[in-house]
Amino acid sequence: QVRLVESGGGSVQPGGSLRLSCSASESISDIQTMAWYRQAPGKQRELVAAITSGGSTRYGDSVKGRATISSDNTKNTVYLQMTSLGPEDTAVYYCNADGLPYSGPGGAMESWGKGTLVTVSP
């Protein structure tokens, strides 16, 4: 099974920027989709950005124009660059891998990181 580790979270000022990293334990080129989700307290988890092994990207409406997802296959790492951050962006950000390589009967088809907290405040 693939293991995902997020990093780069922290506190930023409104209007600021940050970059999150997700390091995978296996080649991300073998994974159909890598994505970032986020969840704020009391709110449903939502898609932030996703990228396929073919390079196609999609973004959640709330971050469109402010977020960029990218990947570095040589480092097995996916990045999320966000700009113009506001309080509404405060959440735990989770890395997700969907469409994993077959690992035998009962093997997981997706994997989640434990998350990294982003706090936007003055």
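Below, each value reflects all heavy atoms present in this structure, side chains not excepted, and no hydrogens, waters or symmetry copies.
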Side-chain donor or acceptor of T52 paired with backbone N/O of Q32 under 3.5 Å
no
Going by heavy atoms in the side chains, are N76 and S27 under 4.5 Å from each other?
yes
State, with a plain yes or no, whether a side-chain heavy atom of V12 is found less than 4.5 Å away from one of M82.
no
So M34 and L4, do their side chains get closer than 4.5 Å, heavy atoms only?
yes
Please name the pair of heavy atoms, one in S29 and one in S53, separated by the smallest distance, quoted to 0.1 Å.
O-CB, 3.8 Å
Output all residues satisfying ring pair (Phe, Tyr, Trp, His ring centres under 6.0 Å) with Y59, sequence neighbours left out; order by chain, then residue number.
none
Rounded to the nearest 0.5 angstrom, the CG-CD distance for L20 and Q81 is 8.5 Å
Nearest heavy-atom contact between P122 and P14 is N-CD, 3.8 Å
Minimal heavy-atom distance between S121 and S11, with the atoms involved, is OG-OG, 4.0 Å
Salt bridge check: are E46 and R38 linked by an N-O gap of less than 4.0 Å?
yes
Hey, quick one: are Y94 and L47 part of the same hydrophobic cluster, counting side-chain heavy atoms closer than 4.5 Å, chains of contacts allowed?
yes
Would you say N96 and E110 make side-chain contact, with heavy atoms under 4.5 Å?
yes
Within one Ile-Leu-Val-Met-Phe-Trp-Tyr cluster: W36 and Y79, side-chain cutoff 4.5 Å:
no
What's the separation between atom OG1 in T77 and atom CD1 in I28, rounded to the nearest 0.5 Å?
7.0 Å
Is atom CZ of R3 surrounded by more than 12 heavy atoms (other residues, nucleotides or ligands) closer than 6.0 Å?
no
Joint cluster assignment, V48 & Y37, ILVMFWY side-chain distance < 4.5 Å:
no
Q1 atom CD, over 12 foreign heavy atoms within 6.0 Å
no
Closest approach of S17 to S84 (non-hydrogen atoms, all atoms of both residues)
OG-N, 4.3 Å
The reported gap from OG in S56 to CD1 in I69 (rounded to nearest 0.5 angstrom) is 11.5 Å
Closest non-hydrogen atom pair between A97 and I31, with its separation:
CB-CG2, 3.9 Å
The residue among T116, L18, L117 that forms side-chain contact (heavy atoms from CB on, under 4.5 Å) with Y93 is T116
